[in-house]
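Worksheet for the structure shown next.
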Amino acid sequence: MKLYKNVDILDLENIMRDGILPISQTNNDNWSDGNRSNNSKDVVYLFDALNHGDSFMHYGLVLIEVDVNDAILNEIDDFDINKGEYIEYIASEVPVNN
C-alpha cells in the first residue's frame, strides 16, 4: 500500500540510513508543548490524503512516499487539525527499502 509521511528536512539523513522510526526509538520529539495530539510515541504515523496531491507541511516540508504492507488503519484524534483531510495509518517502523 502506498502511503505518505511529511518529515523535517533535517531528518532525511537519518531516515535514509535507518528508515522511519517512532519517536520512542529516536527521541526526536520536536513538537512544541500543546501542539501534539495525544498520540503514541511507539508507532510511525502515515497517511493517505483524501484530496489528491495534499501534503501537510506543518508536519515537515519533505513528503516521503513509502510502500508498506503492514500498516494498520488508525482513528485520527479529535484534536488533530487535519481530521477529515486524510486517512491515518500506523506502523511499527518503515524500513529504508520501503
Side-chain angles (χ1 to χ4, degrees):
M1 163 178 14
K2 200 175 285 187
L3 296 173
Y4 302 88
K5 181 166 185 70
N6 281 91
V7 301
D8 191 305
I9 196 165
L10 298 175
D11 296 331
L12 282 180
E13 186 176 332
N14 290 339
I15 290 170
M16 294 302 294
R17 183 185 64 236
D18 303 326
I20 304 172
L21 302 172
I23 290 172
S24 64
Q25 291 183 36
T26 64
N27 294 315
N28 185 15
D29 189 350
N30 56 5
W31 289 92
S32 302
D33 287 339
N35 287 335
R36 186 175 191 278
S37 293
N38 189 23
N39 291 337
S40 171
K41 293 182 179 184
D42 295 323
V43 295
V44 169
Y45 291 87
L46 305 167
F47 72 88
D48 184 12
L50 294 176
N51 294 307
H52 181 73
D54 277 356
S55 182
F56 303 93
M57 292 188 292
H58 50 277
Y59 294 134
L61 295 179
V62 178
L63 180 64
I64 296 178
E65 179 182 278
V66 298
D67 191 9
V68 295
N69 294 321
D70 60 347
I72 300 168
L73 187 63
N74 188 57
E75 186 173 337
I76 297 176
D77 189 279
D78 286 334
F79 298 107
D80 191 308
I81 63 171
N82 290 306
K83 187 171 177 90
E85 299 293 323
Y86 56 76
I87 300 168
E88 186 171 77
Y89 293 84
I90 56 173
S92 58
E93 65 181 64
V94 180
V96 174
N97 62 340
N98 288 57

Q: For residues Ala91 and Asp70, report the shortest heavy-atom separation together with the two atoms involved.
A: CB-OD1, 4.5 Å
(Q) Please verify the inter-ring angle class for Phe56 with Phe47; under 30° counts as parallel, over 60° as perpendicular, anything in between as tilted. (A) perpendicular
Q) Taking atom CD1 of Ile20 and atom CG of Asp11, what is their separation to the nearest 0.5 Å? A) 10.0 Å
Q | Backbone of Asn98 reached by a side-chain donor or acceptor of Asp67 within 3.5 Å | A | no
Q: Work out which heavy atom in Leu21 is nearest to a heavy atom in Glu93; give both atom names and the distance.
A: CD2-CB, 3.9 Å
Q: Please report the shortest heavy-atom distance between Tyr86 and Ile76, naming the atom on each side.
A: O-CD1, 3.1 Å
Q) Closest heavy-atom contact between Lys5 and Leu46? A) CB-CD2, 3.9 Å
Q.
Nearest 0.5 Å, please: how far is CG in Leu73 from OH in Tyr89?
A. 5.5 Å
Q. Same hydrophobic cluster for Val94 and Ile87, using side-chain heavy-atom links shorter than 4.5 Å among ILVMFWY?
A. yes
Q. Does the pair Asn51 and Glu85 meet the rule for a side chain to side chain contact (heavy atoms under 4.5 Å, CB included), with working shown?
A. CA-CA 7 Å; Asn51 294 307; Glu85 299 293 323; 4.1 Å; yes
Q) Just how far is it from atom CD1 of Ile9 to atom CD of Glu13, taken to the nearest 0.5 Å? A) 12.0 Å
Q | Nearest-0.5 Å distance, CG of residue Asn6 to CE of residue Met57 | A | 8.0 Å
Q. Under a 4.5 Å side-chain heavy-atom rule over Ile, Leu, Val, Met, Phe, Trp and Tyr, are Val66 and Ile15 clustered together?
A. yes
Q: Of all the heavy-atom pairs spanning Ala71 and Met1, show the shortest one and how long it is.
A: O-CE, 4.2 Å
Q. Which distance, rounded to the nearest 0.5 Å, do you find between the CG of Leu3 and the CD of Glu65?
A. 9.5 Å
Q.
Are Val68 and Val44 connected into the same hydrophobic cluster when the rule is that any two of I, L, V, M, F, W, Y join if their side-chain heavy atoms are below 4.5 Å apart?
A. yes
Q) Is there side-chain contact between Leu12 and Ile64, with heavy atoms separated by less than 4.5 Å? A) yes
**Q.** Atom of Ala49, atom of Asp54 and distance for their closest heavy-atom approach
**A.** CB-CB, 3.7 Å
